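First up is the structure itself, then whatever we jot down about it.
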Amino acid sequence: MAHTLVIVESPTKARTIRGFLPKEFRVEASMGHVRDLPNNASEIPAAHKGEKWANLGVNTAKDFEPLYVVPKDKKKVVKELKDALKGADQLLLATDEDREGESISWHLAQLLDPKVPVKRMVFHEITKEAISRALDNPRELDMELVHAQETRRILDRLVGYSLSPLLWKKVAWGLSAGRVQSVSVRLLVERERARRAFRSGTYWDLKASLVHGQVPFDAKLTHLGGERIANGSDFDESTGAIKAGSKVKLVAEAEARALQQAASAGRWQVAAVEAKPTVRKPVAPFTTSTLQQEANRKLRLSARDTMRTAQALYERGFITYMRTDSVNLSEQAIKAARSCVSERYGQDYLSPAPRQFTTKSRNAQEAHEAIRPAGEVFRTPGETGLEGRDLALYELIWKRTVASQMADARLTMLAIDLEVAGSTFRATGKRIDFPGFFRAYVEGSDDPDAALEGQEVLLPALKVGDVPDCRSVEALSHQTQPPARYSEAALVKMLEKEGIGRPSTYASIIGTIIDRGYATLQANALIPSFTAFAVTALLEEHFPDLVDTGFTARMENTLDEISTGKVRWLPYLEDFYKGEEGLEALVQRREGDIDPGHSRTVALEGLPCVVRIGRFGAYLESRRVGTDGEEELLKATLPQEITPADLDADKAELILRQKSEGPESIGEDPETGEQVYLLFGQYGPYLQLGQASEETPKPKRASLPKGVKPEEMKLEDALGLLRLPRQLGEHPDGGKVQAGLGRFGPYVVHDKGKGEKDYRSIKAEDDVLVIGLTRALELLAQPKRGRGGRTALKDLGTPEGANEAIQLFDGPYGLYVKQGKVNASLPEGTTADTLTLDLAVELLAAKAASAPARSRSGTKAPKTAAAAGGGAAKTRAAATKGAAKGRTTAKDPGAVTARKTPATTKTGRLRASAVRVIKPAGG
């Protein structure tokens with residue numbers, strides 16, 4: 001029987017759409033892109049293996065013709081789609097409506113080569129009404145969008161594959177460069193440089209606690225003798241002194257103390273009262289960028305997690321398409337939002353007229369509507385049935401959309417000036433006359449004080465001449481703070497402001513920066529590594545345009561103009577890559593000028609040594625006179641927790657001294673008589689009981705818990721950590737309960753015997769050294785959470801011969817099983833009730849067998865069900881083990897060694913077939 005074949009990207013989207021289509025429609029998923037440029041040498045077709053451009057995947061001599069291949073893991077999908085097309089009388093390509101979706105549809109049309117009519121079906125929300133409208137209004141493929149996406153892909157490949165191999169040779173193996181990635185890293189490095197150059201300043205001011213008519217209020221010193229008092233913004237960050245030309249008074253401690261006494265004993269009198277009415281208007285509905293920023297601030301979600309969650313909500317029909325630069329709302333959405341306001345808050349809270357917002361982004365494009373709840377009627381968060389992260393993000397979107405159609409908030413800003421002892425103090429407050437949209441939503445900020453936007457700060461009813469009572473006066477010392485590091489939200493905001501990259505790519509860019517070791521995420525701050533400093537310095541010196549924000553923004557603008565047909569794509573690529581000033585020639589010229597020794601050195605002022613990038617990370621290097629009077633080269637690994645901004649002369653000297661003289665003891669263990677040492681390693685400070693010797697080659701060691709400062713470590717706590725794990729007692733179900741400290745922090749574990757163990761992380765409020773059995777049992781009773789904080793739906797048990805249990809989770813793309821680091825999706829039709837342990841083992845074994853083999857690694861694969869029961873996994877593990885044999889590991893932390901392989905030429909240059917291990921990042 002003939003049918004209409006509809007192809008979408010994911011199984012979740014397919015399941016949702018299937019419910020809105022007639023029975024004669026068949027919906028299949030392409031699982032994302034079905035074709036791409038080759039990722040490694042093994043994917044290059046035999047006909048092109050010998051070509052010089054084959055590894056690049058783009059024939060630059062033939063109009064930049066891309067070499068598209070079907071990845072190994074997509075061959076089965078393509079076959080299934082071709083089979084589904086055989087009985088079809090029409091093909092509808094229903095991928096997402098942006099450039100990426102248009103590109104996927106084009107690739108599908110090219111690859112499937114259908115003999116039936118082909119149409120493009122687009123929609124920005126998955127509801128019955130939207131799907132019906134899309135069916136009635138199909139269109140042709142938009143080739144300008146396809147060319148724009150293809151040009152971006154080619155451009156990213158040219159930049160990534162030209163610069164990344166250069167970084168491998170000149171800095172360290174495995175690094176990557178990218179059109180947007182490298183600019184983003186430079187922004188992080190520039191902020192860290194500013195923190196390093198920062199010099200703190202000290203200033204004093206006074207805070208008074210007053211009362212009038214039984215209403216307490218606070219006031220701060222603003223003027224002394226008619227001069228304004230200096231605050232943090234008046235200091236020069238590079239000197240720690242007041243900025244030149246500033247007409248302010250810097251109050252010293254002695255003066256502050258004297259004024260404190262005078263003000264405490266003096267007569268306070270109101271000199272001025274000001275009440276200024278003001279209006280706050282609601283912010284626009286979410287775009288991709290503002291959603292990432294606000295979810296990071298309010299929900300502490302990374303950009304990557306925000307986009308994963310938003311995509312799941314979209315594909316399940318809860319929100320509109322999540323990749324958009326537009327703040328526009330359709331008439332349907334405005335009507336739905338205003339209906340919510342009327343029903344929930346009343347007519348008084350409805351804006352007098354429907355609000356429309358104007359997009360301010362310089363490169364606004366992609367979808368045509370803001371991110372909002374889907375449908376003609378908005379479901380309230382409580383009506384969705386969502387939980388956890390899904391519910392939190394939906395509620396954020398719902399509140400922001402509804403608030404956009406609410407009335408303005410009306411406030412009165414209050415200020416009272418008070419005089420005492422020749423000085424002026426000011427009390428500030430805020431009265432909310434009408435909350436308006438504050439009832440639904442207050443925008444967050446990186447500034448914690450901004451969270452008080454919707455809260456009142458009331459002052460007593462005072463008039464000029466009134467004399468309030470003074471309860472106390474405090475003299476307060478302040479230190480100016482260095483520039484704050486970028487949070488994910490702040491970096492996304494900066495990239496969008498500068499017009500760098502597309503908001504839809506920010507999540508993957510930030511993820512790549514972290515994955516490649518250019519930055520770590522600590523306390524929601526992105527901290528650049530020493531490697532980031534080295535790579536940024538090399539690019540700034542030799543390829544300045546590629547890390548210049550202005551150049552990158554202009555490139556982005558041109559790419560957008562290609563999508564509208566204003567600029568032709570081929571001449572643009574020719575100009576960028578070819579010719580004397582093109583990237584190809586520039587890389588060839590510069591490669592010989594770059595000294596690897598210089599490019600692996602990070603220049604930091606004020607250190608008694610230099611920082612270098614080695615094979616195993618950053619290390620310190622210093623030339624010193626040894627005990628024999630001869631000059632020697634001293635090298636010491638830098639702990640990963642030390643950041644470029646925090647590394648000063650004292651820290652460097654301590655690490656080098658410990659390397660040359662050995663560690664200092666912090667006390668003796670009364671039980672063994674051994675000394676307890678505090679040492680610094682690659683992964684941070686750690687404790688060691690006794691010295692290594694022939695009798696004890698591996699003395700007992702323990703890492704310091706997160707947040708514990710080495711200088712504050714006491715002998716009692718050190719001994720407690722060294723004696724972990726602690727036995728807490730017997731579990732009611734049998735087996736022992738212990739508390740310990742592992743790679744991911746403190747934990748409690750139920751040892752059930754026969755190798756079966758059940759772990760839970762210890763919460764921040766608990767102490768691994770004092771936690772008892774009762775609290776441990778409480779933690780063990782809580783559901784186990786998977787990656788991303790998801791709770792397991794079901795524990796299937798531990799297969800025979802394996803070390804880890806298999807669990808079932810519900811993720812953004814449907815149900816999946818997980819064992820260790822291996823995940824496998826459930827086949828369509830399999831439910832949580834019908835899933836068995838044997839089927840889970842088969843799925844995980846198949847997934848492990850299809851995963852790309854790791855190379856340049858001597859570590860053993862985790863023992864999963866796939867490894868226990870799958871021959872392919874065993875074969876791959878054996879191959880990895882065999883590849884590792886004979887490899888020499890340099891003990892010198894700074895050594896960068898090369899080893900010959902069959903894929904290496906006599907000159908040491910990698911052949912195309914050898915460049916296959918690490919994929920350079922584009923974008």
Side-chain angles (χ1 to χ4, degrees), residues 187-210 217-260 263 274 276 297 413-430 443-453 455 457 459 472-487 489-491 493-494 497 522-528 605-606 643-646 648:
L187 288 172
L188 300 183
V189 169
E190 286 180 332
R191 182 62 58 88
E192 198 75 0
R193 286 171 179 165
R195 287 176 65 86
R196 186 169 179 80
F198 174 79
R199 296 296 177 266
S200 181
T202 302
Y203 64 97
W204 286 76
D205 63 12
L206 277 75
K207 177 183 175 182
S209 294
L210 305 162
F217 64 103
D218 294 334
K220 291 184 178 180
L221 177 67
T222 60
H223 292 75
L224 184 59
E227 286 187 275
R228 183 172 69 82
I229 297 299
N231 57 39
S233 63
D234 295 312
F235 284 79
D236 187 327
E237 293 184 345
S238 62
T239 64
I242 295 293
K243 293 175 183 175
S246 296
K247 295 180 180 180
V248 294
K249 180 173 180 59
L250 180 61
V251 178
E253 180 178 6
E255 197 170 9
R257 298 289 184 198
L259 183 57
Q260 177 186 17
E274 182 182 358
K276 183 180 179 182
R297 294 169 185 145
M413 310 306 292
L414 307 169
I416 299 173
D417 289 338
L418 304 106
E419 293 181 348
V420 62
S423 62
T424 302
F425 285 70
R426 169 165 281 209
T428 57
K430 174 172 58 183
E443 188 178 28
S445 170
D446 290 331
D447 176 7
D449 293 336
L452 300 175
E453 173 75 356
Q455 298 180 16
V457 182
L459 296 177
S472 64
V473 179
E474 287 182 90
L476 302 173
S477 173
H478 302 276
Q479 294 278 345
T480 57
Q481 299 299 311
R485 292 184 173 107
Y486 284 102
S487 63
L491 182 59
K493 185 176 182 178
M494 176 60 76
K497 176 187 173 184
Q522 297 178 25
N524 207 37
L526 289 163
I527 305 174
E605 295 180 0
T643 67
D646 298 333
D648 55 23

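Small disclaimer: the values here were computed from a predicted structure and weren't measured. Below, each value reflects all heavy atoms present in this structure, side chains not excepted, and no hydrogens, waters or symmetry copies.
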*Got a sec, which residues hit side-chain contact (heavy atoms from CB on, under 4.5 Å) with R196, two or more places apart in sequence or on another chain?*
L604, L607, L647
*asked:* Tell me every residue that passes salt bridge (Lys or Arg N to Asp or Glu O under 4.0 Å) with D417, counting only those two or more places apart in sequence or in another chain.
replied: R426
*Return the set of residues passing side chain to side chain donor-acceptor pair (under 3.5 Å) with S477 (not counting sequence neighbours), or none when no residue passes.*
none
*Which residues satisfy the salt bridge (Lys or Arg N to Asp or Glu O under 4.0 Å) test with K220, sequence neighbours excluded?*
none
*Compare every heavy atom of L221 with every heavy atom of S423, then report the nearest pair and how far apart it is.*
CB-CD1, 3.7 Å
*Which residues share a ring pair (Phe, Tyr, Trp, His ring centres under 6.0 Å) with Y486, sequence neighbours left out*: none
*asked:* Under the salt bridge (charged side-chain N to carboxylate O under 4.0 Å, His left out) definition, can you give me all pairs with a residue in residues 242-253, not counting sequence neighbours?
replied: K249-E255, E253-R257
*Which pair of non-hydrogen atoms, one from I242 and one from A230, has the smallest distance, and what is that distance?*
CD1-CB, 3.8 Å
*For residues 222-238, which residue pairs qualify under salt bridge (charged side-chain N to carboxylate O under 4.0 Å, His left out), counting only residues two or more places apart or in two chains?*
R228-D234
*Who pairs with R193 by salt bridge (Lys or Arg N to Asp or Glu O under 4.0 Å), at least two apart in sequence or on another chain?*
E540
*Considering residues at least two apart in sequence or located in another chain, which fulfil the side-chain contact (heavy atoms from CB on, under 4.5 Å) criterion with A208?*
L210, W268, F425, V473
_Side chain T424, main chain H223, donor-acceptor under 3.5 Å_ = no
*Quick one: list whatever passes salt bridge (Lys or Arg N to Asp or Glu O under 4.0 Å) with D218, sequence neighbours left out.*
K207
_Heavy-atom closest contact (A645 atom, R195 atom, distance)_ = CB-CB, 3.9 Å
*Any donor-acceptor N or O pair under 3.5 Å, side chains T643, R485*: yes
*By side-chain contact (heavy atoms from CB on, under 4.5 Å), which residues pair with Q481, not counting sequence neighbours?*
Q479
*asked:* Applying side-chain contact (heavy atoms from CB on, under 4.5 Å), can you list everything that pairs with E605, at least two apart in sequence or on another chain?
replied: none
